[in-house]
Structures are given as structure tokens and as C-alpha cells.
Amino acid sequence: LVLDKCASADPPLILGSRPGSTAFNFENTMSVSFAGNAPEQLRCLNVRISDADASKSQDNLSEKIAIRAIPIGFQNQALTSILPSLTTATLINGGFADFQICLPACPYLPSGQYEIGIIAADDACSLPLSDTLRIQVNVSIPPNAPPEFSTPDVKATLQEGAQQSWPIQVADPD
């Protein structure tokens with residue numbers, strides 16, 4: 001399908017809200033910090049997507065939008081797990097759509113600090129327009145002691161082909 005002229009379009013706008021807050025006051029960048037053992041409700045933030053095209057009669061007062069997550073400065077293919085099961089919406093009559101982004105308890109990087117981008121895109125002609133919210137995450141990793149192996153003091157001589165087993169115990173001080 002080739003169109004002579006696409007209607008003028010506005011990009012979507014993505015805003016962020018920290019866990020536990022109802023104010024969507026982060027437009028380009030936001031930061032969140034939490035302990036690695038924090039419950040899920042303290043690790044989930046909300047994003048709100050709006051698009052001025054959903055208020056235009058030439059767009060039938062509606063606009064389809066979608067979100068996706070990308071790693072910034074690291075590689076990870078599993079970022080889809082932080083997104084809700086439904087990542088698309090149709091904005092109607094100037095409305096907006098809210099999505100919940102839940103960050104994992106274990107950080108993507110050993111330092112506990114990483115950055116992700118949440119991208120909101122619309123279905124504008126001829127190419128989708130987008131907006132990105134950069135989220136800087138700082139996870140305070142709790143101490144984690146290594147497991148301790150305890151084995152009995154074993155001295156044995158086995159003939160070739162013989163089998164023997166010994167009980168081994170492992171304890172995790174955490």
C-alpha cells in the first residue's frame with residue numbers, strides 16, 4: 001500500500017510513576033532503588049502512555065499504541081518478562097493507557113545498577129513515532145554467603161570397579 005500523503009502525526013508521550021505513587025511526573029528519565037529482597041509491589045512501577053492523535057477526528061479519535069523494553073548498556077533477551085502480558089492498547093477520545101512494569105529482585109548486572117528503556121510507539125503513517133522513558137535501576141544486593149559443604153572424614157580403599165557412596169551435607173547460612 002502506497003499513500004501519497006500521510007496525515008500529520010504526533011508522537012506518543014510516556015510518563016513514569018515510582019512504586020507506590022500515583023503521580024506520573026517522570027518524562028524522560030527516572031530512577032528507582034530497592035533492596036534485592038524487596039516484595040514485588042515495591043519493585044513495580046507504572047507508565048502512562050498518551051498520544052495527541054487520539055484526540056483528532058482525522059484519526060477517528062483513536063490511536064493504537066504499544067510498549068516494549070530494551071536494555072541500555074548491557075545485553076539481555078529476557079526483558080519481556082518485566083512487561084505486562086498485554087503490551088498494546090487503543091487510546092480513545094484523548095485517553096491514555098497505564099502499564100505496570102515489574103523489575104526482577106535479582107539485578108541484570110552484578111553491580112546491581114543497570115538502565116532500561118521503555119519505548120512507547122504508535123501506528124503513525126508512514127513510520128511509527130515513539131517516545132522513550134529511561135529507567136535507572138539501583139538494587140541493593142543483600143549479603144549472600146556461599147553454601148557450606150560438610151563431609152565426613154572418609155578413608156577408604158576400593159577395588160577397581162567397586163562402588164561406594166558417602167553422605168554429603170550442604171548448608172546455606174542465608
Side-chain angles (χ1 to χ4, degrees), residues 1 6 9-54 59 62-91 95-149 168 170-174:
L1 174 64
C6 290
D10 293 303
L13 175 64
I14 182 170
L15 299 172
S17 174
R18 284 203 172 114
S21 174
T22 57
F24 290 89
N25 48 5
F26 294 96
E27 187 172 336
N28 296 313
T29 303
M30 70 181 289
S31 62
V32 294
S33 298
F34 56 86
N37 56 1
E40 186 175 55
Q41 68 265 22
L42 297 179
R43 295 182 282 112
C44 292
L45 53 105
N46 292 308
V47 295
R48 176 169 285 172
I49 315 297
S50 61
D51 194 318
D53 293 336
D59 288 320
S62 70
E63 186 73 8
K64 293 180 183 176
I65 55 101
I67 63 167
R68 62 186 173 102
I70 60 166
I72 298 175
F74 68 100
Q75 293 181 352
N76 189 310
Q77 304 302 323
L79 284 185
T80 55
S81 65
I82 71 172
L83 296 172
S85 58
L86 188 60
T87 59
T88 61
T90 300
L91 308 180
F96 57 84
D98 290 345
F99 298 93
Q100 189 173 58
I101 309 297
C102 291
L103 302 167
C106 292
Y108 292 114
L109 297 175
S111 68
Q113 298 176 343
Y114 60 94
E115 192 170 356
I116 59 174
I118 305 298
I119 299 173
D122 63 14
D123 65 346
C125 172
S126 72
L127 292 173
L129 299 174
S130 64
D131 189 22
T132 303
L133 176 65
R134 294 173 71 107
I135 302 171
Q136 300 163 340
V137 182
N138 184 18
V139 181
S140 300
I141 303 170
N144 186 13
E148 299 169 353
F149 291 91
I168 297 176
V170 180
D172 187 346
D174 296 322

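Fair warning: this is a prediction, and the values are worked out from it, not measured in the lab.
The line from CZ of F26 to CG of L15 is 11.0 Å long, rounded to the nearest 0.5 Å. For the atom pair D51 CG and K64 NZ, the distance stands at 13.5 Å (nearest 0.5 Å). Between the CG atom in N144 and the CG atom in N37 there is a gap of 11.5 Å [rounded to 0.5 Å]. With values rounded to the nearest 0.5 angstrom, I65 atom CD1 is found 7.5 Å from I67 atom CD1. The structure places CG of L13 at 9.5 Å from CG of L133, a figure rounded to the nearest 0.5 Å. Between atom CZ of residue R18 and atom CG of residue N25 there is a gap of 8.0 Å, rounded to the nearest 0.5 Å.
F24 places a side-chain heavy atom less than 4.5 Å from the side chain of D98. Taking 4.5 Å as the limit, every side-chain heavy atom of N138 sits out of range of all side-chain heavy atoms of S31. Under the 4.5 Å side-chain criterion, counting only non-hydrogen atoms from C-beta, D122 is in contact with P128. L45 places a side-chain heavy atom less than 4.5 Å from the side chain of L103. Looking only at side-chain heavy atoms (C-beta outward), I82 and Y108 come within less than 4.5 Å of each other. Side-chain contact between D53 and P11: absent, with no pair of heavy atoms (C-beta onward) separated by less than 4.5 Å. Here the side chains of L86 and F99 are not in contact, with every heavy-atom distance at 4.5 Å or above.
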Criterion side-chain contact (heavy atoms from CB on, under 4.5 Å) on F149 and I168, from CA distance to verdict: CA-CA 7 Å; F149 291 91; I168 297 176; 4.3 Å; yes
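The minimum heavy-atom distance linking E148 with P173 is given by the pair OE2-CG, 3.9 Å. V139 and A105 get closest at one heavy-atom pair: CG1-O, 3.7 Å. Of all the heavy atoms in I14 and T132, the pair that sits closest is CG2-C, 3.9 Å. Between I141 and S111, the shortest heavy-atom distance links the atoms CD1-C, 4.3 Å. Nearest approach of L91 to A97, heavy atoms of both residues: CD2-N, 3.5 Å. What you find for P71 and L79 is that their closest heavy atoms are N-CD1, 3.0 Å.
Residue-environment remark: CZ (R48) exceeds the threshold of 12 foreign heavy atoms within 6.0 Å.
Within the 3.5 Å criterion, the main-chain N or O of E115 finds no donor-acceptor partner in the side chain of R134. Side-chain atoms of N46 never come within 3.5 Å of backbone atoms of S17 as a donor-acceptor pair (strictly under, hydrogens ignored).
Sorted pairs that involve residues 26-42 and meet salt bridge (charged side-chain N to carboxylate O under 4.0 Å, His left out), not counting sequence neighbours, are lacking altogether.
The aromatic rings of Y114 and F74 lie perpendicular to each other, with more than 60° between the two planes, well past the 30° mark.
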